[in-house]
Peer 1: 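Okay, handing you the structure first.
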Amino acid sequence: MQIFLDTANLEQIREGVEWGIVDGVTTNPTLISKEEGSFQEIIKEICNVVSGPVSVECVCTQSQDIIKEARSHAKLAPNVVVKIPICREGLKATSVLSKENIKVNTTLVFSVNQALLAAKAGTRFVSPFIGRLDDRGHEGLDIADQIVTVLENYEMETEVIVASIRHPLHVTEAALIGADIATVPFSVLEKMLRHPLTDIGIDKFLKDWDKVKGR
Ligand code: E4P
């Protein structure tokens, strides 16, 4: 499974890249708003640091405007993927952009049917937001699982990005259902790495080695 970082924070992205585990990045207006600097500077710098897909969200609401905005985003760097919310105008834009080989990540997906429509319109990625479904008392992972199954049933090329991940178990579950990608906040990435028994084990080995190294 590929791991994307769900952040626009360059420090976190650089750190993840040094770990050798970052296959791509997803941003959104909320994540960008937390960072200093202009939108374009932030995106260009992320695209310099990460060679994989970097999702950049469109905020226009009419298809013709979304198309113009997406073309402009796509010029920022070769690895830009334009993020478009699932909706009527978004589908129209996706259909046009996919024929121009501009990759689309269909975002704010909360149902299998939304994912199916986006895939048929030619989107490259669909992003079910499992955490936000969980917040509403639904089983977000079940929706992601069904989307994976449906896309596999028809051998569609669209890849599933499990998004709105809240904790490490979400990542494990995304891998178990065979999702192509999980997009993970840096805080969750750190939690995936750590285990108290590992820390205890390292500490003991270092202390025992102190007894040996003077011999
Ligand atoms: C995905 O592309 C989104 O940026 C993200 O996963 C949204 O997650 P949230 O529900 O934590 O805002």
Side-chain angles (χ1 to χ4, degrees), residues 1-37 42-57 79 81 83 105 107 109-110 125-145 147-148 159-215:
M1 184 177 66
Q2 293 182 59
I3 293 180
F4 288 4
L5 268 183
D6 195 25
T7 180
N9 183 282
L10 274 156
E11 209 177 309
Q12 294 176 346
I13 293 168
R14 287 198 184 98
E15 176 74 9
V17 167
E18 280 190 44
W19 293 8
I21 51 80
V22 175
D23 299 299
V25 165
T26 51
T27 69
N28 63 40
T30 306
L31 294 171
I32 298 273
S33 73
K34 293 178 185 166
E35 306 304 322
E36 299 288 333
I42 294 169
I43 296 300
K44 281 185 183 168
E45 193 50 35
I46 295 173
C47 291
N48 277 337
V49 175
V50 177
S51 54
V54 174
S55 287
V56 183
E57 190 136 351
N79 49 337
V81 170
K83 221 174 176 191
N105 171 3
T107 190
V109 168
F110 294 99
F125 303 98
V126 282
S127 293
F129 277 34
I130 66 167
R132 292 193 196 185
L133 279 164
D134 289 359
D135 292 345
R136 294 264 172 162
H138 298 284
E139 189 59 74
L141 193 84
D142 285 353
I143 300 295
D145 190 11
I147 292 171
V148 168
E159 291 184 88
V160 178
I161 304 178
V162 175
S164 187
I165 279 182
R166 300 272 193 261
H167 47 70
L169 186 57
H170 272 158
V171 184
T172 305
E173 289 169 335
L176 286 169
I177 64 167
D180 302 285
I181 301 144
T183 189
V184 181
F186 191 76
S187 57
V188 173
L189 194 68
E190 284 181 311
K191 287 179 191 159
M192 287 165 67
L193 180 65
R194 298 288 297 271
H195 194 288
L197 288 176
T198 306
D199 296 340
I200 291 166
I202 289 173
D203 194 49
K204 175 151 175 50
F205 283 154
L206 289 178
K207 282 190 176 128
D208 289 343
W209 185 246
D210 273 345
K211 295 175 202 159
V212 176
K213 71 180 179 195
R215 289 182 195 163

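Below, each value reflects all heavy atoms present in this structure, side chains not excepted, and no hydrogens, waters or symmetry copies.
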Peer 1: Take Val56 and Val81 through the test side chain to side chain contact (heavy atoms under 4.5 Å, CB included) and record every step on the way to the result.
Peer 2: CA-CA 6 Å; Val56 183; Val81 170; over 6 Å; no
Peer 1: So if I apply the side chain to side chain donor-acceptor pair (under 3.5 Å) rule between Ser55 and each of Asn28, Asp6, Asn105, which one comes out positive?
Peer 2: Asn105
Peer 1: Using a 3.5 Å distance criterion without hydrogens, assess whether the side chain of Asp134 forms a donor-acceptor pair with backbone atoms of Gly140.
Peer 2: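 Yes, because the side chain of Asp134 sits within donor-acceptor range (under 3.5 Å) of the backbone of Gly140.
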Peer 1: Below 4.5 Å, heavy atoms only, C-beta onward: do Thr26 and Ser127 meet side chain to side chain?
Peer 2: no
Peer 1: Is Asp23 reaching over with its side chain to a backbone N or O of Ile3, donor-acceptor style, under 3.5 angstrom?
Peer 2: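 Side chain of Asp23 to backbone of Ile3: a pair is present.
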Peer 1: Any ion pair linking Asp199 and Arg194 (charged N to carboxylate O, less than 4.0 Å)?
Peer 2: yes
Peer 1: Going by an N to O cut-off under 4.0 Å, is there a salt bridge joining Lys207 and Asp210?
Peer 2: no
Peer 1: Quick one: pull up CG in Leu10 and CD in Glu36 and give me the separation to the nearest 0.5 Å.
Peer 2: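 Output value for this atom pair is 12.0 Å.
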Peer 1: If you count every heavy atom of other residues, nucleotides or ligands that lies below 6.0 Å from Trp19 atom CH2, does the total exceed 12?
Peer 2: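 It does: Trp19 CH2 has more than 12 such atoms within range.
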Peer 1: Out of curiosity, Glu57 CD to Ile43 CD1, how far, rounded to the nearest 0.5 Å?
Peer 2: 10.5 Å
Peer 1: Got a donor-acceptor contact below 3.5 angstrom from the Ser164 side chain to the Arg132 backbone?
Peer 2: yes
Peer 1: Look only at the side chain of His167 and the backbone of His170, and say whether a donor-acceptor pair between them is shorter than 3.5 Å.
Peer 2: yes
